[in-house]
Structures are given as structure tokens and as C-alpha cells.
Amino acid sequence: QVQLVESGGGLVQAGGSLRLSCAASGFIFSINDMGWYRQPPGKERELVAGSTSDGSTNYADFVEGRFTISRDNAKKTVYLQMNSLKPEDTGVYFCKAEVKPTRWSGFRDSWGQGTQVTVSS
């Protein structure tokens with residue numbers, strides 16, 4: 001079993017900042033891509049930012065330079081620093097990791113339970 005536990009969500013005023021963390025634990029041989037997704041109220045889940053194991057990153061257009069994804073491979077943790085938050089950034093933020101549980105298994109997607117981010121105007 002692989003567990004991803006997010007933390008750092010909360011209520012913040014527009015223009016404020018939050019830092020999300022997601023720690024992976026359990027049966028993990030290696031982790032490939034890690035990323036953050038969000039689901040705004042009444043909308044589909046969408047990619048926010050991604051990070052490959054070799055350090056490459058990618059961002060959704062709506063990030064506009066406000067967010068930074070980073071990871072600590074030794075801690076099996078991915079972070080999302082969010083600055084200049086807007087009310088439209090409100091939603092449940094999920095982390096995802098491509099995990100190889102054993103040496104002999106393939107990579108599988110694992111998801112966290114989500115953390116609520118609410119940005120007030």
C-alpha cells in the first residue's frame with residue numbers, strides 16, 4: 001500500500017500565500033513523476049504543476065508564474081508554493097505520484113485525499 005498525505009491547505013485572503021506538502025509512504029521502491037492537481041467547486045480536476053524525477057517541471061497556464069513545485073526525493077515529498085493567490089484558485093488540491101512499489105512491479109498512479117484551499121476576496 002502507498003499513502004500520499006497532503007497538508008498545508010486553508011483559508012487565505014486574495015494576494016496571500018500557502019505552501020502545500022505531500023508526503024509519500026508505504027511500499028515504495030521508486031517514484032517517477034509527482035504533481036499537483038486541483039478541483040474547483042463544480043468543475044473537473046485539472047493539472048496545476050508537475051515534476052519529473054530528473055527535476056523538470058511544468059505548469060498550467062493559469063499559474064502565470066505564481067506557483068512553484070519542488071520535491072525532496074529523499075523525503076519522498078513534493079511541495080507547492082502558491083503566491084499571489086486569487087479567489088479562482090479555490091478548490092481541493094490533490095497530489096499524485098507515479099510509484100513503483102517493488103523492484104519487479106510497474107509504475108502506478110497514487111493519489112492523496114486532497115486538501116482544501118479557499119481564497120477569499
Side-chain angles (χ1 to χ4, degrees):
Q1 288 279 21
V2 176
Q3 295 86 37
L4 298 180
V5 179
E6 299 107 334
S7 60
L11 173 64
V12 65
Q13 288 188 330
S17 299
L18 285 174
R19 186 182 191 228
L20 306 183
S21 299
C22 173
S25 63
F27 291 103
I28 299 172
F29 177 76
S30 67
I31 299 176
N32 194 11
D33 294 354
M34 301 184 82
W36 288 95
Y37 291 71
R38 73 183 187 187
Q39 187 162 14
K43 297 184 178 180
E44 297 291 317
R45 191 175 298 188
E46 58 188 358
L47 174 69
V48 177
S51 171
T52 65
S53 57
D54 64 359
S56 298
T57 59
N58 63 285
Y59 297 91
D61 290 342
F62 59 74
V63 168
E64 299 175 324
R66 300 178 295 128
F67 299 174
T68 302
I69 188 171
S70 61
R71 61 194 281 176
D72 184 330
N73 290 327
K75 294 182 178 180
K76 301 182 181 66
T77 299
V78 63
Y79 306 94
L80 185 67
Q81 176 66 44
M82 303 187 294
N83 300 325
S84 302
L85 283 161
K86 305 174 182 179
E88 50 264 43
D89 293 318
T90 293
V92 181
Y93 283 68
F94 300 87
C95 71
K96 188 184 84 168
E98 293 180 353
V99 178
K100 189 174 186 178
T102 70
R103 180 187 300 272
W104 303 276
S105 62
F107 284 96
R108 308 168 189 172
D109 286 345
S110 292
W111 290 88
Q113 80 289 351
T115 185
Q116 177 70 43
V117 171
T118 303
V119 184
S120 62
S121 58

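Side-chain atoms are counted along with the backbone in the values below, which use heavy atoms only and exclude waters and symmetry mates.
- Rounded to the nearest 0.5 Å, atoms SG (Cys22) and NZ (Lys96) are 12.0 Å apart.
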Trp104 vs Phe29, test: ring-ring contact (aromatic ring centres under 6.0 Å, His included). Steps then yes/no. CA-CA 9 Å; Trp104 303 276; Phe29 177 76; 7.8 Å; no

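- Two different hydrophobic clusters hold Leu4 and Phe107 under the rule that ILVMFWY side chains link at heavy-atom gaps under 4.5 Å.
- With a 6.0 Å radius and a threshold of 12 heavy atoms from other residues, nucleotides or ligands, Phe62 has its CZ atom above the threshold.
- Nearest heavy-atom pair, Cys95 versus Val78, reported as atom, atom and distance to 0.1 Å: CB-CG1, 4.4 Å.
- Residue Trp36 is grouped with residue Leu18 when hydrophobic side chains (ILVMFWY) are merged at heavy-atom distances under 4.5 angstrom, including chains of intermediate members.
- Judged by distance alone, the side chain of Asp54 and the main-chain N or O of Ser56 form a donor-acceptor pair under 3.5 Å.
- The backbone N or O of Thr68 lies less than 3.5 Å from no partner atom in the side chain of Gln81, so there is not a single donor-acceptor pair.
- Remark: side-chain polar atoms of Glu98 are not paired, donor with acceptor, to backbone N or O of Ile31 under 3.5 angstrom.
- Side-chain contact between Val119 and Gln13 is absent, with no heavy-atom pair separated by less than 4.5 Å.
- For Glu44, the CD atom is loosely surrounded, since the number of other residues' heavy atoms within 6.0 Å does not exceed 12.
- Hydrophobic cluster membership differs between Tyr37 and Val2, with clusters built from Ile, Leu, Val, Met, Phe, Trp and Tyr side chains linked at under 4.5 angstrom.
- Judged by distance alone, the side chain of Arg38 and the main-chain N or O of Val117 form no donor-acceptor pair under 3.5 Å.
- Other residues, nucleotides and ligands contribute only 12 or fewer heavy atoms inside 6.0 Å of the NZ atom of Lys75.
- When atom types are taken as modelled, the side chain of Gln39 and the backbone of Tyr93 share no donor-acceptor pair closer than 3.5 angstrom.
- Taking the ring axis of Phe94 as reference, the NZ or CZ atom of Arg45 stays within 45° of it and closer than 6.0 Å to the ring centre.
- In this structure, Arg66 forms no cation-pi arrangement with Tyr59, as its terminal cationic atom is not both closer than 6.0 Å to the ring centre and no more than 45° off the ring axis.
- Thr90 and Glu88 share no side-chain donor-acceptor pair at under 3.5 Å.
- For the atom pair CZ of Arg19 and CG of Leu80, the computed distance is 10.0 Å after rounding to the nearest 0.5 Å.
- Nearest heavy-atom pair, Asn83 versus Ser17, reported as atom, atom and distance to 0.1 Å: OD1-OG, 2.9 Å.
- When all heavy atoms are compared, the tightest approach of Gly114 to Val92 is CA-CG1, 3.8 Å.
- Of all heavy-atom pairs between Ala14 and Ser121, the closest is CB-CA, 4.4 Å.
- Residues Ser30 and Arg103 form no side-chain contact, since every pair of their non-hydrogen atoms from C-beta on lies 4.5 Å or further apart.
- Of the inter-residue distances, the one linking Met34 atom CE with Ser53 atom OG reads 11.0 Å to the nearest 0.5 angstrom.
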The test is side chain to side chain contact (heavy atoms under 4.5 Å, CB included); show your working for Ile28 and Lys76 and say whether it passes. CA-CA 9 Å; Ile28 299 172; Lys76 301 182 181 66; 3.8 Å; yes

Going through the distances and angles, do Arg71 and Tyr79 end up as a side chain to side chain contact (heavy atoms under 4.5 Å, CB included)? CA-CA 6 Å; Arg71 61 194 281 176; Tyr79 306 94; 5.7 Å; no

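- When the side chains of ILVMFWY residues are joined at heavy-atom separations under 4.5 Å, either directly or via intervening members, Val99 and Trp111 end up in two distinct hydrophobic clusters.
- Here the closest non-hydrogen pair linking Ile69 and Gly35 is CD1-CA, 4.1 Å.
- Gln116 CD to Glu6 CD: the interatomic distance, rounded to the nearest 0.5 Å, is 12.0 Å.
- Side chain to side chain, Thr77 and Asp72 fail the donor-acceptor criterion of an N or O pair below 3.5 Å.
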